[in-house]
**Q** 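Take this structure first; my questions come after.
Note that ligands are numbered from 1 as they come in the structure, with each ligand's atoms numbered from 1 the same way.
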Amino acid sequence: MKKLAAGNWKMNGTRAALAEAQALTAAHPAPACEMLLCPPATLVAALAAQAKGTALMTGGQDCHPKASGAHTGDISAPMLKDAGATHVILGHSERRADHGETDALVKSKAEAALAAGLIAIVCLGETEAQRDAGTTLQVIGTQLDGSIPAGATAANLVIAYEPVWAIGTGRTPTLAEIAEVHAFLRARLQGLIGAEAAGTRLLYGGSVKPSNAAEIFAVPHVDGALVGGASLKAADFGTIVAALSA
Ligand code: PGA
């Protein structure tokens with residue numbers, strides 16, 4: 001299994017930001033890990049065109065469950081695919097919180113992604129209150145059971161464990177806490193998709209940065225990272241790519 005360094009630009013970046021992606025591909029022409037950036041929807045086509053022929057892949061940050069129709073402001077999975085995307089992030093905690101996305105909705109979006117030939121990156125994670133209450137594994141297990149699309153395989157599904165309280169805060173779980181969740185996810189996934197679970201990438205996300213990437217990537221069952229803030233600068237994301245390639 002090749003590890004995956006995935007960057008999530010969130011609602012950041014205009015066309016000027018494409019220069020960062022250019023710098024990234026110039027510095028990392030052939031990384032040992034897979035390298036993905038998910039820019040805002042306005043930049044997906046431009047980034048995919050710019051990155052053609054390089055090791056960098058392009059992804060979306062969300063898609064609608066339907067392929068087309070009267071859904072003002074939404075973007076469908078076939079549209080992302082047509083724009084050059086290979087992946088789409090689904091169920092990010094910011095979408096679950098800002099847009100009330102449920103596990104069932106995330107599942108339907110993931111099924112739309114698979115139908116369009118995209119790789120679905122399904123995000124899950126506990127809030128700080130849930131961790132404090134000792135319900136982390138229960139919460140994550142429920143999210144996993146409810147969000148996994150029918151037809152998921154190691155080739156079309158990626159899971160990202162992102163504790164809500166670690167996103168954009170500079171705080172991270174201990175390595176033991178990450179290890180506990182990732183081992184739990186691997187086992188739970190096996191119950192859902194059988195042998196495919198062994199090869200399904202399990203990413204850790206939440207305040208991954210150049211200074212902590214190597215130690216997090218050494219944790220068993222951590223097969224890459226979903227990186228927000230540190231993916232905006234080529235130098236920072238490049239250091240994380242290098243750590244995953246080591
Ligand atoms: P962060 O965001 O790296 O800025 O904490 C991670 C994410 O939300 O995917």
Side-chain angles (χ1 to χ4, degrees), residues 3-13 17 20-21 24 33-41 43-44 47 56-63 80 85-101 106 109-110 113 119-128 130-131 136 139-140 143-144 147 157-175 177-178 181-182 185 201-217 219 222-244:
K3 300 204 169 187
L4 171 63
N8 173 11
W9 281 6
K10 309 190 178 183
M11 197 172 71
N12 297 290
E20 290 295 330
L24 179 71
C33 67
E34 293 188 346
M35 193 164 67
L36 169 74
L37 282 177
C38 301
L43 293 178
V44 167
L47 179 61
L56 179 64
M57 299 179 291
T58 304
Q61 298 177 10
D62 177 47
C63 72
L80 285 172
T86 51
H87 295 64
V88 60
I89 298 170
L90 295 169
H92 189 280
S93 66
E94 286 151 16
R95 292 210 59 88
R96 289 179 187 260
D98 295 355
H99 300 273
E101 295 199 1
V106 174
K109 290 180 171 197
I119 296 168
I121 303 177
V122 174
C123 304
L124 34 81
E126 82 286 3
T127 63
E128 185 154 36
Q130 289 164 335
R131 178 160 284 276
T136 295
V139 166
I140 289 169
Q143 289 176 335
L144 187 74
S147 309
L157 177 71
V158 175
I159 303 292
Y161 167 53
E162 300 202 303
V164 177
W165 53 272
I167 294 174
T169 60
R171 297 165 55 207
T172 54
T174 64
L175 299 178
E177 286 167 338
I178 295 174
V181 171
H182 278 242
L185 282 173
R201 291 175 187 78
L202 305 180
L203 311 184
Y204 168 77
S207 296
V208 174
K209 45 197 178 217
S211 59
N212 64 15
E215 61 180 25
I216 290 173
F217 297 158
V219 173
V222 172
D223 309 311
L226 182 54
V227 184
S231 73
L232 295 170
K233 291 280 167 239
D236 289 345
F237 195 55
T239 303
I240 292 167
V241 166
L244 260 184

**Q** Is there at least one pair of N or O atoms, one from Val227 and one from ligand 1, spaced under 3.5 Å apart?
**A** no
**Q** Side chains of Glu94 and His99 only: does a donor on one sit below 3.5 Å from an acceptor on the other?
**A** no
**Q** Has Gly205 got any heavy atom lying under 4.0 angstrom from an atom of ligand 1?
**A** no
**Q** Polar contacts were defined as any N/O atom of the residue lying under 3.5 Å from an N/O atom of the ligand; does this apply to Glu94 and ligand 1?
**A** no
**Q** Ligand 1 and Thr169, any nitrogen or oxygen pair closer than 3.5 angstrom?
**A**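 No, since none of the N or O atoms of Thr169 sits under 3.5 Å from an N or O of ligand 1.
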**Q** Just how far is it from atom CG of Leu4 to atom CE of Met57, taken to the nearest 0.5 Å?
**A** 6.0 Å
**Q** Flag the pair Phe237 / Leu37 as yes when at least one side-chain heavy-atom distance between them is below 4.5 Å, and no otherwise.
**A** yes
**Q** Distance-only, no hydrogens or angles: does the Trp9 side chain make a donor-acceptor pair with backbone N or O of Gly228 under 3.5 Å?
**A** no
**Q** Check if Lys209 has a non-hydrogen atom at a distance under 4.0 Å from any atom of ligand 1.
**A** no
**Q** May I ask you to identify the nearest protein heavy atom to atom 3 (O) of ligand 1, giving residue, atom name and distance to one decimal place in Å?
**A** Gly228 N, 2.8 Å
**Q** Report the part of Asn8 (side chain from C-beta onward, or backbone N, CA, C, O) that has a heavy atom under 4.0 Å from ligand 1; answer both or neither where that applies.
**A** side chain
**Q** Taking only residues two or more places apart in sequence or in another chain, which ones pass salt bridge (Lys or Arg N to Asp or Glu O under 4.0 Å) with Arg95?
**A**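 Checked Arg95 against salt bridge (Lys or Arg N to Asp or Glu O under 4.0 Å); matches are Asp62, Glu101.
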**Q** Is the closest heavy atom of Ala230 to ligand 1 under 4.0 Å?
**A**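 No.
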**Q** Hey, which atoms in ligand 1 end up nearer than 4.0 Å to a heavy atom of Glu162?
**A** 6 (C), 7 (C), 8 (O), 9 (O)
**Q** Give a yes or no answer on whether the side chain of Gln61 reaches the backbone of Lys10 with a donor-acceptor pair at less than 3.5 Å.
**A**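 Pair found, side chain donor or acceptor close to backbone of Lys10.
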**Q** Under a 4.0 angstrom heavy-atom cut-off, which atoms of ligand 1 come close to Gly168?
**A**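 Atoms satisfying the 4.0 Å criterion: 1 (P), 4 (O), 5 (O).
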**Q** Give a yes or no answer on whether the side chain of Glu20 reaches the backbone of Ala234 with a donor-acceptor pair at less than 3.5 Å.
**A**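 Yes, because the side chain of Glu20 sits within donor-acceptor range (under 3.5 Å) of the backbone of Ala234.
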**Q** In terms of residue, atom name and distance, what is the protein heavy atom nearest to atom 4 (O) of ligand 1?
**A** Gly229 N, 2.8 Å
**Q** In ligand 1, which numbered atoms sit nearer than 4.0 Å to a non-hydrogen atom of His92?
**A** 7 (C), 8 (O), 9 (O)
**Q** Can a donor-acceptor pair be found between the side chains of Tyr161 and Glu126 at a distance below 3.5 Å?
**A** yes
**Q** Check whether any N or O atom of Ile167, backbone or side chain, sits under 3.5 Å from an N or O atom of ligand 1, and answer yes or no.
**A**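 Looking only at distances, the answer is no, because the N/O contact criterion of under 3.5 Å is not met.
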**Q** If the cut-off is 4.0 Å to any non-hydrogen atom of Ser207, which atoms of ligand 1 fall inside it?
**A** 1 (P), 3 (O), 5 (O)
**Q** In the protein, what heavy atom is nearest to atom 2 (O) of ligand 1, and what distance, to one decimal place, separates them?
**A**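 Here the closest protein heavy atom is Lys10 NZ, 3.3 Å.
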**Q** Using side chain to side chain contact (heavy atoms under 4.5 Å, CB included) as the criterion, point out the one residue from Leu43, Leu80, Ile89, Val44 that pairs with Cys38.
**A** Ile89
**Q** Check residues 166-174 and write down every donor-acceptor pair under 3.5 Å in which the side-chain atom is one partner and the other belongs to a residue at least two apart or another chain.
**A**
{"unit_1": "Thr169", "atom_1": "OG1", "unit_2": "Trp165", "atom_2": "O", "d": "2.9"}
{"unit_1": "Thr169", "atom_1": "OG1", "unit_2": "Ala166", "atom_2": "O", "d": "3.3"}
{"unit_1": "Thr169", "atom_1": "OG1", "unit_2": "Arg171", "atom_2": "N", "d": "3.1"}
{"unit_1": "Arg171", "atom_1": "NH1", "unit_2": "Glu128", "atom_2": "OE2", "d": "3.4"}
{"unit_1": "Arg171", "atom_1": "NH2", "unit_2": "Glu128", "atom_2": "OE2", "d": "2.6"}
{"unit_1": "Thr174", "atom_1": "OG1", "unit_2": "Glu177", "atom_2": "N", "d": "3.0"}
{"unit_1": "Thr174", "atom_1": "OG1", "unit_2": "Glu177", "atom_2": "OE1", "d": "3.4"}

**Q** Looking only at heavy atoms, is any part of Ala166 under 4.0 Å from ligand 1, and if so is it the side chain, the backbone, or both, or is it neither?
**A**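 For Ala166, the contact with ligand 1 is made by the backbone alone.
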